[in-house]
A.B. asks: 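Can you read through this structure? Questions will come right after.
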Amino acid sequence: MIALTIACMLVAVLGVFIHPKWAPHWLIPLVCAAVVIGSGQIGVLPALRAVRPLTSPVVFLIFAVPVPLMLDRLGFFTAAAAAMDRGKDPRLGLWILAAAVTTFGAPGIDVGQI
């Protein structure tokens, strides 16, 4: 039965990259996990304990990706740059804006990585 677990693991990993056009990327790994749990190779509670550390990163991605995109669509960043671009020499204002974005906008860095 260990062969079933290994086969499902390989199919799940490959299923993320090679999947039918009608299926979302997560469907094949979900089916493989259900097969392994359903066959009794892994219990439900150990599977939940294994997934629990992923809760915080997933919640972070759920909120960290849409918020900067929404702010960009609302024109927040353009307005902030325009507010700092006043006067004869806007470099100080732009440096302050860059420091604020770097300090308070760090979650937005992940948006570029996705």
Side-chain angles (χ1 to χ4, degrees):
M1 289 307 244
I2 193 77
L4 175 68
T5 305
I6 293 172
C8 281
M9 184 177 62
L10 291 173
V11 169
V13 170
L14 289 175
V16 172
F17 302 105
I18 305 168
H19 60 90
K21 292 190 185 291
W22 54 266
H25 292 280
W26 53 265
L27 183 64
I28 294 175
L30 180 69
V31 169
C32 290
V35 166
V36 171
I37 291 172
S39 67
Q41 295 297 311
I42 298 175
V44 175
L45 291 177
L48 289 174
R49 278 194 297 266
V51 174
R52 188 171 296 140
L54 297 175
T55 305
S56 295
V58 168
V59 170
F60 172 77
L61 288 176
I62 287 171
F63 290 107
V65 172
V67 170
L69 292 175
M70 179 191 66
L71 288 174
D72 187 40
R73 288 184 183 149
L74 290 174
F76 173 79
F77 299 113
T78 304
M84 295 294 164
D85 190 21
R86 296 201 175 139
K88 200 165 50 171
D89 191 13
R91 288 182 286 186
L92 177 61
L94 291 175
W95 272 105
I96 293 170
L97 176 64
V101 167
T102 303
T103 304
F104 302 113
I109 293 171
D110 288 339
V111 174
Q113 303 291 329
I114 295 175

A.B. asks: Going by the rule side chain to side chain contact (heavy atoms under 4.5 Å, CB included), which residues pair with L71 if we only count those two or more places apart in sequence or in a different chain?
C.D. replies: V67, F76, F77
A.B. asks: Sequence neighbours left out, what passes side chain to side chain contact (heavy atoms under 4.5 Å, CB included) with L14? Give chain and number order.
C.D. replies: none
A.B. asks: What pairs of donor and acceptor atoms, side-chain ones from residues 37-53 against any protein atom, are under 3.5 angstrom apart with sequence neighbours left out?
C.D. replies:
unit_1 : atom_1 : unit_2 : atom_2 : d
S39    : OG     : V35    : O      : 3.1
S39    : OG     : V36    : O      : 3.0
Q41    : OE1    : T5     : OG1    : 3.4

A.B. asks: For residues A12 and P29, report the shortest heavy-atom separation together with the two atoms involved.
C.D. replies: O-CG, 3.5 Å
A.B. asks: Is V11 isolated, or which residues cluster with it under the ILVMFWY side-chain rule of less than 4.5 Å, directly or via members?
C.D. replies: I28
A.B. asks: Sequence neighbours left out, what passes side chain to side chain contact (heavy atoms under 4.5 Å, CB included) with L30? Give chain and number order.
C.D. replies: W26
A.B. asks: For A34, enumerate each residue passing the side chain to side chain contact (heavy atoms under 4.5 Å, CB included) test, keeping only those at least two apart in sequence or located in another chain.
C.D. replies: none
A.B. asks: Run T55 and F60 through side-chain contact (heavy atoms from CB on, under 4.5 Å) and show every step you take.
C.D. replies: CA-CA 9 Å; T55 305; F60 172 77; over 6 Å; no
